[in-house]
Protein chains: 2
Amino acid sequence: MAGRHGQGDAAGDQGRSGAKAPGLDFPRPLTTVDIVIFTIRQEALQVLLVRRGSGPGEPFPGTFALPGGFVDIARDRDLEACARRKLAEKTGVVSPYLEQLGSWGSADRDPRGWSATHAYFALIPGSAVEAALAADVQWFPLEGTGVTPKLAFDHAEILQAAVQRLRNKVEYTSLPAYLMPKEFTLPELQRTYEIVLDRALEKSAFRTRMLSADLIEPIAKMRKGPNRPAQLYRLKKTAAPVYFARTFNAPE
Amino acid sequence: MAGRHGQGDAAGDQGRSGAKAPGLDFPRPLTTVDIVIFTIRQEALQVLLVRRGSGPGEPFPGTFALPGGFVDIARDRDLEACARRKLAEKTGVVSPYLEQLGSWGSADRDPRGWSATHAYFALIPGSAVEAALAADVQWFPLEGTGVTPKLAFDHAEILQAAVQRLRNKVEYTSLPAYLMPKEFTLPELQRTYEIVLDRALEKSAFRTRMLSADLIEPIAKMRKGPNRPAQLYRLKKTAAPVYFARTFNAPE
DNA sequence: GAAATAGTGTCTATAAGACAATATCGG
DNA sequence: CCGATATTGTCTTATAGACACTATTTC
């Protein structure tokens with residue numbers, strides 16, 4: 001296996017397992033971090049996108065893209081810190097939920113050269129986000145597993161993976177709780193589940209599942225309205241998401 | 001938010017969203033791919049490790065590490081191709097299952113500089129692997145979520161994540177089928193599940209689940225032994241893993 | 001009281017857990 | 001027949017799905 005190509009060996013093996021001098025002066029891929037930021041706005045699942053600049057050499061000028069950018073090795077201690085920095089820059093919010101989604105790397109995904117991006121996805125409450133938004137970003141509602149504008153790079157593919165992962169996990173986890181404001185009612189939480197899944201859930205089963213999980217606790221307040229008031233709840237201090245033993249609807 | 005640090009901006013924003021000239025001449029992280037390769041050997045879940053060389057400048061000389069190495073941008077079309085190449089180099093096997101595990105990147109995980117690795121995990125059948133193994137690799141049985149030798153870099157952490165992901169998924173997927181030889185019996189498949197999960201499963205429920213899934217098909221052959229023969233099965237052509245609606249044992 | 005939504009209860013269906021019963025081989 | 005393992009069946013339990021019913025507010 002070794003010694004097939006001169007340059008191949010230099011980059012492929014020397015630095016890690018080769019017996020020759022471990023040169024590190026071979027070309028390295030561009031390294032970026034991108035974040036898929038979800039929220040619930042206007043009764044819809046929405047994702048935050050950035051309009052790309054149009055300076056000289058900018059790929060995909062003027063199109064929309066996921067928030068992100070190059071890893072700054074002088075500034076970012078690790079990948080997650082880099083993701084949190086970019087999240088804060090665009091939203092002014094400390095996300096209650098940030099999960100690594102995957103990485104995409106290839107020779108042709110960026111016209112500037114071989115590049116790899118580390119993609120994350122974040123969930124933030126719909127409330128109180130508007131004010132802190134950066135100037136160049138905008139929310140877009142999800143249509144299926146994508147958005148209306150054509151995205152830069154392979155970001156449509158990354159977004160699709162994020163939506164699929166989110167929808168999939170919502171079937172058996174408490175992730176939508178991270179899309180809720182501090183205080184919320186059970187019907188409101190159920191509505192969030194239904195928006196993400198794009199399908200109605202049984203009220204009774206939903207309540208049983210949520211209340212039997214060690215997830216939320218009632219507070220001494222009710223949500224008033226033109227009808228029967230609803231009990232308000234808040235997330236328990238335990239930050240970890242809950243995993244249920246079953247999905248919501250058994251597949252046919 | 002923009003313009004906080006001179007160097008920070010150069011690397012962090014210019015190339016992707018800045019309005020200034022998009023220079024690409026800032027330092028890039030080292031980029032590697034590592035693979036956690038699992039198999040079943042000697043009634044145990046085992047992982048493939050490589051002994052690192054001890055040339056000049058080699059970090060962690062002589063210790064064991066996950067198979068992997070630098071991305072070769074001249075040779076590897078994309079990250080997955082890079083992972084498949086390294087898998088084939090070490091095992092001579094085309095893995096029936098390869099999944100992205102996640103990425104780990106930080107300033108200090110590699111003494112040679114800021115580095116990011118894209119980790120994959122692979123499942124290969126225990127049969128017919130021995131012959132094609134590279135010279136510098138070795139199987140190690142899992143003890144809990146790790147192995148006996150101390151691993152290089154942050155590979156113990158990556159291995160732990162892989163084991164947890166595997167055990168977690170085995171609760172509700174057909175992944176262990178990829179650890180089986182071409183022909184196998186239901187009790188043998190159940191044994192594989194039990195080895196990975198390190199816990200006994202109910203025979204009856206297990207059979208019902210496997211047979212009602214569109215996963216395996218009986219062949220016209222039986223496994224003979226000193227007792228009642230068992231029906232032999234093979235995986236159906238459909239390569240995709242099956243996701244069940246429930247986990248095996250409801251958590252307490 | 002009517003409308004609207006919150007919350008509970010009742011019945012059924014599905015699949016797992018426990019474990020017994022039966023089947024089929026080699027000796 | 002005996003030992004061993006494969007395969008099937010029976011009964012119970014837990015939870016989802018469907019959907020009816022009751023509760024509490026505003027108007």
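Everything numeric in this text was worked out from a predicted model, so none of it was measured. Every chain is numbered from 1, with letters handed out A, B, ... down the list of sequences.
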Of the listed dT7(D), dT8(C), dA16(C), the closest approach to the R209(B) side chain comes from dA16(C)
Please indicate whether R199(B) has more than 12 foreign heavy atoms, meaning atoms of other residues, nucleotides or ligands, lying under 6.0 Å from its CZ.
yes
Could you please name the option among dC19(C), dT14(C), dA6(C) that lies closest to any side-chain atom of R246(B)?
dT14(C)
Indicate whether any N or O donor in one side chain lies under 3.5 Å from an N or O acceptor in the other, for Y97(A) and E99(A).
yes
Atom pairs and distances, donor-acceptor, side-chain atoms in residues 176-183 of chain A, under 3.5 Å, two or more places apart:
unit_1  : atom_1 : unit_2  : atom_2 : d
Y178(A) : OH     : A239(A) : O      : 2.3
E183(A) : OE1    : K221(A) : NZ     : 3.0
E183(A) : OE2    : K221(A) : NZ     : 3.4

I need the residues from residues 217-234 of chain B with at least one non-hydrogen atom less than 4.0 Å from DNA chain C; give them sorted by number, or say none.
G225(B), P226(B), N227(B), R228(B), P229(B)
Taking all heavy atoms of E89(A) and all of A134(A), pick out the closest pair and write down the distance.
O-CB, 3.8 Å
Can any side-chain N or O of E188(A) pair as donor or acceptor with the backbone N or O of T185(A) at less than 3.5 Å?
yes
At 4.0 Å (heavy atoms only), tell me whether S204(A) reaches a base, stays on the sugar-phosphate, or touches nothing.
base
Would you mind reading off the distance between Y193(B) atom OH and dA16(C) atom C1', rounded to a whole angstrom?
15 Å
Straight-line distance of H118(A) NE2 to T31(B) OG1, nearest 0.5 Å:
6.5 Å
Could you check whether R207(B) gets within reach of a base, just the sugar-phosphate, or nothing at all, counting any heavy atom under 4.0 Å?
base
